[in-house]
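Working notes, beginning with the structure itself.
Every chain is numbered from 1, with letters handed out A, B, ... down the list of sequences.
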Amino acid sequence: MRSSTSNFKRRLRLPRLFFRKPPEIESIHGGPPLEYVRPIPQLPWRGVTVAVVLIVIAAASAWELYCRSIGYGPTLNDNEDLWTSARRRAKPESIVIIGDSRGWFDLDLDELQKGLGKRPVQLAMGGGCAYPLLADLANDKNFHGTVICSVVRRLFVAPPGSPPMDRAEKAVRRSHTQTLAQRASQYLAMPLEEHVAFLKQEELTLDDLLKRLPIPNRPYALVSPRTPPYFGTLDRERRARMIEECARPGKLQSMVQQIWLPLFTPPPPPSYIPKEEFAKQMGQAIEQRFHDVAAAVQKLQSRGGKIVFVRLPNSGGLKALEDRETPRAAFWNRVIKDTAASGIYYEDFPDLAGFNCPEWSHLSAGDSVEFSKRLIPHLRAALQM
Amino acid sequence: MRGLFEHKAWAGTLATRLLAGFATYAAVCVAWVFFRASDFTIAARMLSGMFGGHPHGDAILTTREMLQIALVTGGMILVHWFLRDTNIETAVTRAPPWIVTAAWAFMACAIILTQGNSNAFIYFQF
């Protein structure tokens with residue numbers, strides 16, 4: 001009876017060369033790879049392995065304790081795979097939240113579920129542009145639900161190739177191309193991230209730690225402003241909550257406040273293009289975005305979908321900067337006019353206007369619940385529910 | 001090439017070996033551009049920059065990134081140099097066990113600290 005190996009060989013129809021026994025000359029150590037046996041160095045491997053395992057456990061535990069002692073806590077990392085798992089939960093008639101980190105931190109899913117009758121799916125993302133997510137929903141022929149879109153001007157009109165657009169586009173792309181391995185990796189990572197504080201993909205990686213080295217840059221170097229440190233947690237539904245240490249006055253709160261200012265300040269134009277030309281191109285890109293958003297909204301509405309744009313609270317120096325750089329009349333009014341959709345600007349309503357953002361950009365976890373409760377009547381009116 | 005170098009006395013001198021090593025490294029760096037660039041336009045732009053084509057380009061690298069690249073590249077060249085006439089198995093056999101333990105533990109800790117995300121290895125991204 002033929003062995004299964006022989007059948008396998010025959011099926012592959014490989015030349016005999018692959019399976020023949022190598023002659024003596026080919027068996028010499030270091031010869032052709034037909035018979036290369038990698039020598040294993042003579043070392044006390046068992047002892048070495050035990051020592052390495054003990055050292056790694058001790059080092060990882062010490063690092064975990066240190067990270068917790070300086071304020072870090074376990075939380076999920078927001079990445080394309082976590083976003084994809086939320087996107088998968090969006091059903092044809094779902095309520096979905098899209099946009100930036102204000103929609104992420106300020107809207108409480110429990111309160112919105114109580115007030116709107118359905119649990120929303122959280123698809124907003126920190127530092128992300130809303131447009132790719134809106135376009136994805138508009139192009140999804142099955143989707144005819146309700147979209148709550150948070151609007152922050154600098155992120156909303158971020159040009160193609162910019163970090164906010166890249167971030168959102170990557171997430172949308174992953175939701176269409178996610179492999180089984182990526183999906184499995186996410187499921188394996190979640191229990192770990194929920195218990196280990198040092199697993200922070202945008203802050204405590206080796207590369208991020210090296211970035212903190214106090215090495216001065218060239219005076220003309222174009223270095224992107226730093227992003228805020230850990231100040232919120234994220235659960236499996238992607239509900240973000242500000243941590244207590246950031247909600248109360250202190251070092252972390254003032255650090256995050258001062259980080260927003262350079263992040264919300266436009267970068268200098270690149271040197272390889274004349275300033276006027278750059279301004280013209282940016283103007284065209286913004287016009288194109290208004291046009292694309294209006295087209296996506298129309299597409300969504302033509303299938304019976306609904307959308308409401310919301311401007312969520314900001315405070316302090318950041319509010320002054322945003323009001324100065326991106327005046328309401330030039331932007332918000334234009335979005336509402338072009339799309340003919342409903343809009344809720346928090347300053348227009350006394351019950352929504354009195355909230356203070358501790359770090360100037362987001363509500364505290366407690367305030368986000370109260371804010372969401374008060375937002376519901378306005379949402380119901382805007383969506384004619 | 002073999003005819004040019006084989007059995008020549010000058011081929012074994014330190015200067016020739018350094019020069020040959022540098023030429024190989026430079027050739028690999030040029031080949032990498034085509035390997036990584038998404039199209040020939042970008043590859044041509046990158047190659048032009050490598051040969052001084054953009055003298056007034058924007059300074060987009062931080063000093064830390066440049067130092068890091070220099071250190072890693074220097075380290076890799078050094079390791080290649082030491083392993084030129086031997087192999088990793090021999091080097092490990094000769095090293096005392098505590099050195100192997102320390103190197104192994106260091107690499108394991110660096111992997112944990114690097115916290116790889118779920119991106120596929122670059123060869124699988126084409």
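One distance of note links OG1 of B:Thr93 with CG of A:Leu43; it measures 6.5 Å at 0.5 Å rounding. The structure places CG of A:Asp208 at 10.0 Å from CG of B:Leu113, a figure rounded to the nearest 0.5 Å. With rounding to the nearest 0.5 Å, the separation of CD1 in B:Ile112 from OG1 in A:Thr205 is 14.0 Å.
Within a 6.0 Å sphere centred on CD1 of A:Ile70, heavy atoms belonging to other residues, nucleotides or ligands number more than 12. Few gaps surround NE2 on A:His176; more than 12 heavy atoms of other groups in view lie less than 6.0 Å from it. Around atom NZ of A:Lys275, no more than 12 heavy atoms belonging to other residues, nucleotides or ligands sit under 6.0 Å away. No more than 12 heavy atoms of other residues, nucleotides or ligands sit less than 6.0 Å from atom CE of B:Met46. Other residues, nucleotides and ligands contribute at most 12 non-hydrogen atoms within 6.0 Å of the CD atom of A:Gln42. Counted within 6.0 Å of CZ on A:Arg212, heavy atoms from surrounding residues, nucleotides or ligands total more than 12; the atom is thus considered enclosed. Heavy-atom neighbours of B:Trp10 CH2 from other residues, nucleotides or ligands within 6.0 Å: above the threshold of 12.
B:Ala91 does not touch chain A: none of its heavy atoms, backbone or side chain, sits under 4.5 Å away. Neither the backbone nor the side chain of B:His54 comes within less than 4.5 Å of any heavy atom of chain A. Residue contact with chain B, scored on non-hydrogen atoms closer than 4.5 Å, involves the backbone and the side chain of A:Leu204 alike. Both the backbone and the side chain of A:Thr49 come within contact range of chain B, judged by heavy atoms closer than 4.5 Å. Within the 4.5 angstrom heavy-atom criterion, only side-chain atoms of A:Ala59, from C-beta onward, approach chain B.
Residues of residues 57-75 of chain B lying within less than 4.5 angstrom of chain A, judged on heavy atoms, are B:Asp58, B:Ala59, B:Ile60, B:Leu61, B:Thr62, B:Thr63, B:Arg64, B:Met66, B:Leu67, B:Gln68 in numerical order. Within residues 222-239 of chain A, the residues approaching chain B closer than 4.5 Å by heavy atoms are, in numerical order, A:Leu222, A:Val223.
When the candidates A:Leu213, A:Leu210, A:Val53 are compared by the number of heavy-atom contacts under 4.5 Å with chain B, A:Leu210 comes out ahead. Highest contact tally toward chain A, considering only B:Thr90, B:Val92, B:Ile88, is held by B:Val92 [criterion: heavy-atom pairs under 4.5 Å]. Looking only at heavy-atom pairs under 4.5 Å with chain A, the residue among B:Pro97, B:Ala110, B:Ala102 that has the most is B:Pro97.
Closest heavy-atom contact between B:Ala108 and A:Val56: CB-CG2, 3.6 Å.
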